[in-house]
Amino acid sequence: MTTKLYWEDSHLTRFTARVTDSWLQDGHQIIALDQSAFYPTGGGQPCDTGSIKTSEKEGRVIDVEITDDERILHRLDTDIPLAVGDEVSCEIDWNRRREMMQQHTGQHILSQAFFQLFGAETKGFRITDRSTEIDLTLEAQPDEVEQAIARAEELANSVVFDNREIRVHNVTPEESAKLPLRKESFIADCIRVIEISDYDWSPCGGTHAKRTGEVGLIAVRGWERAKKMTRAHFVCGSRLLDDYHAANKTAEAIARKFSAGRDEAEAAVSRSLDENKRLSRRVRELAELATKAEARQLIESVGVSNGRRVISRVFDDRDFEELKLLAHRLVDGDGVIALLAVKESGMARLVFASSSDVSADMNAAMKIACEKLGGRGGGKSDFAQGGGAEVAELNAALEASRAVIEKS
Ligand SMILES: [Zn+2]
């Protein structure tokens, strides 16, 4: 069993210890110590990192875990020759510890705020790379959840600003039964209880700030429904400052694109989106007019043969949807067959259409063209589409279709 120095002093960063066991595993040295300030992964919180060194060599601690018999195992990024009884010097990464302690202590404060204000219990807790999640028994409409979050956040931050003392009590189960605990403890014999002065009592084996002011600030970034509960995502302390800088940078960058100040950016974006919708509508109207005019010109440019006009064209730069629109406009009137193609990203794409008074099978003609193009296609007798990769065969494919149509 390893003595948990992080329980005695959560701000201890340097310590010496004796090796109680050591072995190599997949090229990594695993070290068990008689005492350790390294917090092992558990209770929703990632482990500490840091270094362990002997007089000869130093290794980075990249993972820490605790075994069922309460031994703390430190995984190094390298191998260090060690013998049982050797003394090692250890140091934990304080910035990471402080960051984790801020999120973890912030969770105690925020969870109690939800409990005190709405009776919502915290059923799950995880510190992830970006934020911290708590699963709350809070069932309400979205706008009510938003209001509840705002009130809990306000209460939680007032507790932070009060800079209240945080005390650790090691009590027996009998003593704990008399305490106003927020949640049940799962530890059988001795219970470690964290008290936030005049606010919260919770059994916990984690690392905590000494005063609430260390948490810095608590902000809920967002929430979602998960497992029939409300999952709130929040950030505290140094993470919150990083998050603010990232959010501010994004907001400033968007504002600059609209030559607006940060606070005016949302209105500028809304105006731009409205304008975009209006222009899109206008473009569609104009495209319809332009397509009608183009169809008229194309019809006039070909002669009548057997009482009908066959319009066969290859376009180099045309959106396929626009091409289909042109085909429809060409066959709006009587006696027209349209065989249209476009070259698009190394592919030939085709659309064939015929006026309602023309008896020619566009589906059959399309299959003939697609065969030559090494592709596939089909449709109805008056409208078909398809394509293929043999772009060099495009003119020959259209000619083959045209020849079949002219015989019909
Ligand atoms: Zn805790």
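The structure presented is a predicted model; accordingly, all values stated were derived computationally and were not measured.
- Using a 3.5 Å distance cut-off with no hydrogens or angles, the side chains of T122 and S111 do pair a donor with an acceptor.
- Judged by distance alone, with hydrogens and angles left aside, the side-chain atoms of Q116 form no donor-acceptor pair with the main-chain N or O of A113 at under 3.5 Å.
- Under the 3.5 Å distance criterion, with hydrogens and angles disregarded, no donor-acceptor pair is assigned to the side chains of T13 and R97.
- Atoms CD and CD1, on Q297 and I311 in that order, are 11.5 Å from each other to the nearest 0.5 Å.
- Side-chain contact between V351 and H328 is absent, with no heavy-atom pair separated by less than 4.5 Å.
- Side chain of T128 to main chain of S131: a donor-acceptor pair is present (N/O by atom type, distance under 3.5 Å, no hydrogens or angles).
- For CZ of R14, the number of neighbouring non-hydrogen atoms (other residues, nucleotides, ligands) closer than 6.0 Å is 12 at most.
- Between G216 and F161 the shortest heavy-atom distance is O-CE2, 4.2 Å.
- Remark: L394 CG to E399 CD distance equals 11.0 Å, nearest 0.5 Å.
- By the 4.0 Å N-to-carboxylate-O rule, D162 lies too far from R211 to be salt-bridged with it.
- Of all non-hydrogen atoms in A32 and R71, the two that sit nearest each other are CB-NH1, 4.2 Å.
- Under the 4.5 Å side-chain criterion, counting only non-hydrogen atoms from C-beta, N276 is not in contact with D274.
- There is no side-chain donor-acceptor pair under 3.5 Å between Q35 and R18.
- Judged by distance alone, the side chain of R231 and the main-chain N or O of G124 form no donor-acceptor pair under 3.5 Å.
- Atom CD of E371 has 12 or fewer heavy atoms from other residues, nucleotides or ligands within 6.0 Å.
- In summary, of the residues considered (E214, M101, H208), a side-chain contact (heavy atoms from CB on, under 4.5 Å) with S10 occurs for M101 alone.
- Salt bridge present: R221 and D243 bring a charged side-chain N and a carboxylate O closer than 4.0 Å.
- A donor-acceptor distance shorter than 3.5 angstrom exists from the side chain of Q102 to the backbone of S238, with no hydrogens or angles considered.
- Crowding of E264 atom CD: a count of heavy atoms from other residues, nucleotides or ligands under 6.0 Å exceeding 12.
- Within the 4.5 Å cutoff, the side chain of H28 has no heavy atoms near those of the L76 side chain.
- For R262 against A251, the heavy-atom pair with the smallest separation is CG-CB, 3.7 Å.
- Contact detail for G206 and Y39: the closest heavy-atom pair is CA-CE1, 3.9 Å.
- More than 12 heavy atoms of other shown residues, nucleotides or ligands fall within 6.0 angstrom of atom NZ in K324.
- In R225, the CZ atom is crowded: over 12 heavy atoms of neighbouring residues, nucleotides or ligands sit closer than 6.0 Å.
- Residues Q29 and H74 have side chains that never bring a donor and an acceptor to within less than 3.5 angstrom of each other.
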### Verdict with reasoning, V160 to L217, per side-chain contact (heavy atoms from CB on, under 4.5 Å)
CA-CA 7 Å; V160 171; L217 203 60; 5.9 Å; no

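- Counting all heavy atoms, side chain and backbone alike, A338 lies closest to L330 at CB-CD1, 3.7 Å.
- A salt bridge between R75 and E65 is absent, with no side-chain N of the basic residue lying under 4.0 Å from a carboxylate O of the acidic one.
- Among the candidates R282, R281, R329, the single residue satisfying the salt bridge (charged side-chain N to carboxylate O under 4.0 Å, His left out) test with E288 is R329.
- Residue E154 qualifies as open at atom CD: its count of foreign heavy atoms under 6.0 Å is 12 or below.
- Using modelled atom types, no side-chain atom of Q112 and backbone atom of I109 make a donor-acceptor pair closer than 3.5 Å.
- We find that K210 and E165 are not joined by a salt bridge, their nearest charged nitrogen and carboxylate oxygen being 4.0 Å or further apart.
- Side-chain atoms of T137 come within 3.5 Å of backbone atoms of E121 as a donor-acceptor pair (strictly under, hydrogens ignored).
- Atom OG1 of T291 sits about 8.5 Å away from atom CG of L289, to the nearest 0.5 Å.
- Residue D135 forms a side chain to side chain donor-acceptor pair (under 3.5 Å) with just one option from K228, K123, R126, and that option is R126.
- Checked by atom type and distance alone, the side chain of K343 never pairs as donor or acceptor with a backbone atom of F315 at under 3.5 Å.
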#### Entry: E390 and K372: CA distance, side-chain angles, deciding distance, salt bridge (Lys or Arg N to Asp or Glu O under 4.0 Å) verdict
CA-CA 8 Å; E390 302 288 337; K372 281 207 175 297; over 6 Å; no

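- With a 6.0 Å cutoff to the six-membered ring centre and a 45° limit on the axis angle, R182 does not count as a cation-pi contact of F115.
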### Message
Walk me through whether I127 and M100 qualify under side-chain contact (heavy atoms from CB on, under 4.5 Å).
### Response
CA-CA 8 Å; I127 300 178; M100 292 303 155; 3.8 Å; yes

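- Panel note: side chain T132, backbone Q103; no donor-acceptor pair is recorded below 3.5 Å.
- When all heavy atoms are compared, the tightest approach of S381 to S354 is O-OG, 3.9 Å.
- Remark: the S272 side chain and the E275 side chain contain no N/O donor-acceptor pair separated by less than 3.5 Å.
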### Message
Working note: V193 + V168, criterion side-chain contact (heavy atoms from CB on, under 4.5 Å); need CA distance, chi angles, decisive distance, verdict.
### Response
CA-CA 6 Å; V193 174; V168 180; over 6 Å; no

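- Residue V64 forms a side-chain contact (heavy atoms from CB on, under 4.5 Å) with just one option from I92, T49, I72, and that option is I72.
- Summarising the local packing, NZ of K4 is surrounded by more than 12 heavy atoms from other residues, nucleotides or ligands at distances under 6.0 Å.
- A side-chain contact (heavy atoms from CB on, under 4.5 Å) with F38 holds for exactly one of L73, I66, T2, D48; it is D48.
- The pair R318-E294 counts as a salt bridge, with a side-chain nitrogen and a carboxylate oxygen less than 4.0 angstrom apart.
- More than 12 heavy atoms of other shown residues, nucleotides or ligands fall within 6.0 angstrom of atom CZ in R167.
- Partner of T207 under the side chain to side chain donor-acceptor pair (under 3.5 Å) criterion, chosen from Q45, H11, H104: Q45.
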